[in-house]
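Remarks on the structure that follows.
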Amino acid sequence: MPDVDTTPSINLDAIDAEEAATDAAERLREALRYHNYRYYVLDAPVVSDAEYDRLFRQLQELETEFPEIETPDSPTHQVGSVVRDELGTVTHPAPMLSLKAVYEEEEVYNFDETCREELGRDTVTYTAEPKFDGLAVELTYEDGRLVQGATRGDGETGEEITANVKTIKGVPLRLREEERPVPDRLVVRGEAYMRKDEFNAFNRRREEAGKKVFANPRNAAAGSLRQLDSTITARRPLRIFFYEIAPVDGRPFATHAAVLKALPEWGLRVCEDHIRRCDGIEEALAHYKDVVDVRDDLPYEIDGLVVKVNDFAGHETLGVRDRDPRWAAAYKFPPRRATTSIEDLFVQVGRTGRITPVAVLAPVEVAGVEVTRASLHNQNEIDRKDIRIGDTALIERAGDVIPQVVKVIEDERDGTEAPYHIPDTCPVCGAEVVLSDDKKQAFCTGGMACEAQLRERLTHYASRTATDIEGLGDKRAEQLIDAGLIQDIADLYDIEKGDLLALERYADKSAQNLLDEIEASLKQDLDRFLYALGIPLVGSATARLLAQHFATLDALMTADEEPLTEIDDIGPEVAQSIATFFADEDNRVVIDEIRAAGLMLANPYAEDEAPLEGLTFVFTGRLDEWTRSEVQRFVEQHGANATSSVSGNTDYVVAGPGAGSKRDAAEELGVPVLDEDTFHKLLRERGLGE
Ligand code: IVH
């Protein structure tokens with residue numbers, strides 16, 4: 001176990017002097033640093049996100065109340081601050097080299113032969129590690145504190161991006177010293193990147209907001225790190241792998257493998273899972289094959305395997321030619337590009353009415369996967385790349401990133417290719433399509449009357465991370481809409497068994513199952529419900545933030561933009577989107593209808609987690625919306641007691657039809673008796689239920 005107290009329990013109300021604040025802040029910082037290390041370096045967190053957030057907020061509060069206790073390397077300082085006119089330059093203390101790329105096995109054997117001959121060894125020990133496809137960065141630590149960050153630039157000088165790298169959560173502002181002393185100066189290098197899933201989500205948010213989308217995770221990482229405003233960088237999902245200590249002030253280790261072992265001990269993450277120490281080139285080639293096999297399953301993009309001579313004495317002997325060290329080779333993977341023809345172009349209508357053009361491709365295999373569709377993002381891209389139906393195009397597939405059209409091959413044209421323009425009316429509902437002036441955004445104006453939008457909204461509402469209505473996927477949603485049962489989401493709650501039995505593929509049991517699932521979706525956590533509503537730009541993380549700041553749906557619905565923008569991580573666009581959504585009459589009506597159907601929201605993220613604390617309830621008679629044990633569990637979860645007999649300690653008796661002696665006892669003892677509606681009102685007043 002670590003020496004640090006991983007979940008310090010600090011009562012902020014009891015802290016009123018600087019000394020106590022300094023002490024508490026240091027305990028919180030230690031804990032947060034440890035959790036960062038567990039999460040980012042070891043990939044093995046020991047606390048929940050909610051617990052981490054709680055510690056983080058406590059530290060923020062303390063530092064706000066006692067500004068004099070702040071330290072420059074506090075974990076709260078990773079949110080960005082500096083806005084600049086341009087990035088400065090940095091001269092690298094040792095050149096940042098590049099790598100010679102090789103594409104054939106034979107070239108790898110040649111590389112090995114050179115190494116063996118020049119080093120005079122029969123076999124050479126190598127390390128083989130992924131070649132990450134991101135942006136190279138150099139970080140300088142002095143006395144264990146991060147003092148500078150730089151891009152590679154031309155290898156001699158790069159751009160100074162200190163404020164930006166500091167916002168990357170996996171970059172420690174202070175090195176760990178628990179396992180290994182830290183040198184006076186340490187210059188480390190690594191690759192900043194975006195994970196594929198985080199990149200896709202990030203791009204989707206941009207697309208929804210009408211912003212330029214990035215072609216791939218590498219461009220997104222590079223663009224994010226070169227921002228002049230580091231608060232923008234802070235909101236980008238950047239990560240980092242370290243792979244090198246720059247050879248300045250001598251070499252602290254004899255081998256590369258020793259470096260890779262030391263880096264994580266200082267809190268600098270390396271790609272442990274896929275680094276191999278290889279005795280001889282055959283082992284490196286075998287590792288290459290293994291990595292090629294898992295490449296698509298990795299959460300990040302890699303484009304080859306870097307094979308490096310393990311010992312630094314060998315590096316000295318082999319030296320550098322031009323910019324490429326002769327002790328390393330990058331064995332690149334086969335490209336994931338292919339040419340094929342564009343058979344058709346059509347548009348898809350998304351949940352918010354966004355219209356996205358898609359290319360239908362003649363099926364083509366790209367690195368083992370058949371590709372039949374490519375996303376074209378918008379009309380602007382079609383025009384810019386001059387993409388026409390019938391064109392031959394170069395397609396690129398990058399992991400699970402949606403395949404893209406890199407370019408069309410104009411030489412292959414025979415004059416029959418037809419230009420494409422997004423239709424003026426929605427192909428699904430016939431409503432007008434509006435196209436922005438820059439042609440980057442197109443929307444169907446049909447709203448919920450557009451079946452495509454309705455279907456997307458409905459499946460989103462029912463999805464696992466939203467209200468989790470099992471069995472309501474694409475097909476069934478479409479079937480319900482086609483049958484005229486659903487015109488908006490609230491109609492879900494009016495469906496009756498007979499309606500379902502009249503449809504194909506429903507029997508008594510499956511119909512009942514779906515109805516039960518729909519019913520169960522009414523008891524919901526606020527954040528999931530908010531996410532389920534499909535407010536543009538509000539993903540699950542934002543929904544959770546909202547639930548933290550607004551105890552109830554009502555509080556959020558009546559908030560205007562200003563309190564929303566005060567929430568960290570919610571920018572003006574998102575705030576505007578939320579306010580617009582709740583100002584919309586149609587949306588309010590749908591929410592009201594879901595409430596009328598019996599929506600019951602709990603909010604586990606609300607700052608006040610026990611709003612019923614100190615109260616004792618007795619339930620008697622039948623309640624419409626709860627079973628006895630459900631309601632008892634509910635109040636207990638929120639801090640109250642539920643007992644079975646009425647006494648002087650009872651605060652409320654909640655009585656439904658059929659209540660008998662307990663109601664009489666309450667009246668005798670003067671304990672207030674609530675009917676179900678009044679009980680709900682009480683819950684609402686305490687920020688629970690709707
Ligand atoms: S070692 C010679 N190791 O590749 C030393 N570089 O073409 C070069 N890269 O600018 C650095 N993964 O951005 C090294 N595991 C890895 C790497 C790696 C990606 C990049 C790095 C560098 C470029 C050189």
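Order of appearance sets the numbers: ligands from 1, and atoms from 1 within every ligand.
Within a 6.0 Å radius of CZ in Arg276, other residues, nucleotides and ligands contribute more than 12 heavy atoms.
Applying the ring-ring contact (aromatic ring centres under 6.0 Å, His included) rule to Tyr243 yields no partners; only residues at least two apart in sequence or on another chain are considered.
Between Phe241 and Tyr300, the ring centre distance stays below 6.0 Å. Close placement of the Tyr126 and Phe111 rings is indicated, their centers lying within 6.0 Å of each other.
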May I have the list of side-chain donor-acceptor pairs in residues 262-269 shorter than 3.5 Å, sequence neighbours left out?
unit_1 : atom_1 : unit_2 : atom_2 : d
Glu265 : OE1    : Arg180 : NE     : 2.6
Glu265 : OE1    : Arg180 : NH2    : 3.0
Glu265 : OE2    : Lys261 : NZ     : 3.3
Trp266 : NE1    : Arg180 : O      : 3.4
Trp266 : NE1    : Pro181 : O      : 3.2
Arg269 : NE     : Tyr40  : O      : 3.1
Arg269 : NH1    : Tyr193 : OH     : 3.0
Arg269 : NH1    : Ile240 : O      : 3.3
Arg269 : NH2    : Tyr193 : OH     : 3.4

Just list the side-chain donor-acceptor pairs under 3.5 Å for residues 92-102, sequence neighbours left out, or say none.
unit_1 : atom_1 : unit_2 : atom_2 : d
His92  : ND1    : Glu138 : OE1    : 2.9
His92  : NE2    : Thr151 : O      : 3.2
His92  : NE2    : Arg152 : O      : 3.0
Ser98  : OG     : Asp324 : OD1    : 2.9

May I have the N/O to N/O pairs between ligand 1 and the protein that fall below 3.5 Å, each with atom names and distance to one decimal?
unit_1   : atom_1 : unit_2 : atom_2 : d
ligand 1 : 3 (N)  : Lys308 : NZ     : 3.0
ligand 1 : 4 (O)  : Lys131 : NZ     : 3.2
ligand 1 : 7 (O)  : Leu99  : N      : 3.2
ligand 1 : 12 (N) : Phe132 : N      : 3.0
ligand 1 : 13 (O) : Glu191 : OE1    : 2.5
ligand 1 : 13 (O) : Glu191 : OE2    : 3.4
ligand 1 : 13 (O) : Tyr243 : OH     : 3.4
ligand 1 : 15 (N) : Glu129 : OE2    : 2.8
ligand 1 : 15 (N) : Pro130 : O      : 3.0

